[in-house]
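Report on the structure given below.
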Amino acid sequence: MKFFNNKEISLLFFAFIFLTIIAISSKIYSNYLEKAQNKVFNDLYNHPLKVSNTALKIQLNIHKIHLLLHHIALNPNKEKLQTSINQLDILQEDTYDYFEIININILGEEGQKILKETLDYFKKWKSIQNNIMISSKNNNFKKSIEILESDGDKYVLRLTKEVSKLYKYANIKAVSFKKNSNEIFDFQQTINIYLTFFILITFIMVAYFSISQLYSYISKNRKLTNNLKKKSKEFETMIQEAPNPIILHNEDGDVIMLNKAWADISGYKQEEITTIDRWVVSVYKDVDTQKVVKKHIASLYNITKKINEGTFSFLTKNNKEVTWQISSSPLGVINGKKTVITSAMDITELKDKDEMLITQSRHAAMGEMIGMIAHQWRQPIAIIAMDANNMLVDIALDCFDVNKVESYAKSITSQTQHLSKTIDDFRNFFKPDKEISEVDMSKIMDDTFVIVKDSLKNNNIELITSFETDKLIKAYPRELMQVFVNIITNAKDALITHKPKNPIINIRVYEDEEYINTEIFDNGGGIDIGILSKIFDPYFSTKDNKNGTGLGLYMSKMIIENHLNGSIEVSNKQEGACFTIRLLKDKEGKQENE
Amino acid sequence: MSNSTKIDLKSLMEESKDLTVLYAEDEELLRNNTSMLLRKLFQNVDVAVDGQDAFNKYIDNTYDIVITDISMPNMDGLDLIDRIRKMNLHQEIIIMSAYTESAYTEQINTADVTGYIYKPVDMNQMLEILKTSIDKLKDKYKKTEI
């Protein structure tokens with residue numbers, strides 16, 4: 001952000017340079033003018049004064065000369081006469097010097113003219129003086145006095161007039177000089193004022209320009225700042241009002257923002273949750289869980305892109321358990337700290353729904369089990385009934401024999417054992433798995449067959465198995481059995497519907513590098529391609545109503561993918577459907593991790 | 001109940017004594033004790049372990065009544081009935097099977113068989129079906145005698 005643009009900056013720069021140069025040069029100029037004016041003033045003023053002063057001296061000398069001439073004319077004493085003549089010469093020399101001074105200093109043509117006239121008169125007067133001196137030397141005093149009184153006085157008068165003219169001229173000149181110099185001074189003063197005024201105006205203009213630019217920048221800046229504040233406020237509002245819970249936190253563990261949805265669902269307000277640690281401690285009561293969650297959150301500050309963290313269940317302030325599906329994205333470094341935005345989706349209801357599905361699927365599985373139990377029990381019950389019938393017939397025919405009856409009773413007992421065992425098998429199947437354990441696939445298959453064998457047998461379905469591996473896997477055995485029972489039952493249903501000549505269910509267990517694979521395929525005609533992608537969807541069923549809850553395969557997928565971290569796929573083979581279940585091999589050393 | 005059974009049974013036996021029966025059942029234990037009972041009622045009872053076995057025996061011998069299970073390996077009861085019908089339209093045939101085998105019940109043409117004895121077998125129901133069958137045989141033989 002700049003106060004001015006480059007053009008304005010250079011303009012201002014030159015304006016200031018210009019102002020400075022003007023100011024300095026005007027000062028120098030005015031100093032120079034003052035000096036020059038002083039000099040001129042002094043010179044001009046001095047010269048007329050010298051002229052007028054000298055003119056006065058000349059005047060005095062004229063009178064001295066005139067007096068000496070009187071002495072010369074009137075004094076017959078020879079000695080004295082010579083002294084006076086000498087004095088006269090000195091005075092004359094003196095006077096010429098004065099004239100020379102005036103000549104040097106006098107100004108103007110008129111002055112030169114007056115000087116010349118005066119000097120001419122003075123020189124003419126000299127000849128008259130010489131006449132007087134000669135007459136006096138010849139002792140012709142009478143003639144001396146005569147000359148003195150006629151021409152002498154005349155010249156003295158005339159000279160006095162001329163010199164005073166000179167004096168007046170010089171005086172007038174001096175005054176006019178003063179006046180001129182005053183005018184020059186005034187002019188200079190005026191220029192100075194104008195110059196100052198000009199500088200002032202320029203300065204004001206520059207100052208105004210600068211200040212206005214500065215002001216507009218500041219107001220613009222203030223506007224921008226306000227806009228920024230408004231935008232940041234809008235951003236905050238957006239986060240605050242977002243329908244999903246959102247939290248902003250940084251690597252110091254500070255909670256920067258926590259939105260309304262977060263506060264509403266969790267029951268904790270931002271004031272209560274100032275740090276991540278407080279959050280963790282508030283919603284997880286178990287210390288070990290707290291540690292795990294804290295460690296997990298700490299790892300978030302190093303993410304470089306959005307990650308899905310999975311689902312977390314915790315207690316709200318009202319001690320209600322909620323489940324959130326949480327994902328986080330890095331926001332970069334804010335205020336010097338790595339900041340992360342974490343957004344959640346409240347899937348508590350979905351999870352409840354999931355649990356409902358599980359319950360439903362268990363009910364469905366139970367329904368199927370009852371069907372299977374019926375198959376299992378059919379023969380023993382038929383045998384027991386027939387034993388009883390035999391006894392009834394014996395009684396009716398009056399040929400009741402103790403040995404025979406014993407054999408019937410033994411048969412009945414043996415069949416009830418069979419019934420009881422069947423119940424145990426099925427009850428075991430429904431017992432929940434307590435923990436994941438190492439299991440052998442063939443063992444699980446054997447247990448599965450115990451449950452499904454009669455159901456298959458009664459429908460004349462042949463079961464062919466091949467176990468190409470004896471590697472163990474880690475699994476919940478009964479959940480896995482549930483999956484197998486489910487797929488086998490589906491195959492059985494398909495075989496009953498399609499009635500191939502020799503209904504067969506093939507089961508093949510083999511390993512590859514990572515997985516133990518179980519292939520279950522039948523020759524029941526396969527699954528329509530149109531519904532192949534939907535068969536794992538919940539509530540999807542092709543069966544009209546009999547056992548058709550549509551949850552069996554959905555549950556199978558959940559069990560395999562969510563509980564056992566495996567995969568389940570379906571495809572059509574030549575004669576029928578083929579389900580492939582892949583489960584990770586149990587690698588040694590991996591056990592402690594899980 | 002036992003009284004009525006006694007009476008029925010004795011009177012039934014008067015007529016059943018001379019009849020021959022083919023009984024097909026794949027489950028050994030059940031086959032054993034059912035055949036034991038049948039032999040008390042009928043003079044001659046042959047047993048077959050599955051449909052194919054029953055059909056072979058049927059070709060070789062003559063039976064008044066064929067009692068068969070439905071679900072059996074190799075050849076099931078329905079197939080057996082079909083084949084017997086092709087040979088003898090008037091053969092007395094009784095199905096002895098579980099009611100729950102609904103997948104098959106739909107396919108049974110009730111006109112093809114005299115009756116359906118449900119497993120587990122109730123004496124009265126069985127005697128009733130047997131009596132129906134024996135009565136039908138009696139009528140048939142009377143007609144042929146005439």
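A quick note: this is a predicted structure, and the numbers were derived from the prediction, not measured. In what follows, chains carry the letters A, B, and so on, assigned in the order in which the sequence lines appear, proteins first and then strands, with residues in each chain numbered from 1.
- Using a 4.0 Å cut-off between a side-chain N of Lys or Arg and a carboxylate O of Asp or Glu, K10(B) and E14(B) do not qualify as a salt bridge.
- Across M126(B), R31(B), E27(B), the residue that shares the most heavy-atom pairs under 4.5 angstrom with chain A is E27(B).
- Comparing D394(A), V393(A), N502(A), N389(A) by heavy-atom pairs within less than 4.5 Å of chain B, the highest count is held by N389(A).
- L29(B) meets the side chain to side chain contact (heavy atoms under 4.5 Å, CB included) test with I383(A), Q415(A); sequence neighbours excluded.
- At least one side-chain heavy atom of L12(B) sits under 4.5 Å from a side-chain heavy atom of L127(B).
- Salt bridge present: K119(B) and D69(B) bring a charged side-chain N and a carboxylate O closer than 4.0 Å.
- Along residues 570-581 of chain A, no residue comes nearer than 4.5 angstrom to chain B, judged on non-hydrogen atoms.
- Note on residues 440-456 of chain A: pairs passing side-chain hydrogen bond (donor to acceptor under 3.5 Å, both in side chains), not counting sequence neighbours, are D440(A)-S442(A), K443(A)-D447(A), S455(A)-K492(A).
- In this structure, D26(B) has no salt bridge (Lys or Arg N to Asp or Glu O under 4.0 Å) partners at least two apart in sequence or on a different chain.
- Contact annotation: the side chain of M386(A) never approaches that of M36(B) to less than 4.5 Å [non-hydrogen atoms, C-beta and beyond].
- Of the atoms belonging to M13(B), it is side-chain heavy atoms, and not backbone ones, that fall under 4.5 Å from chain A.
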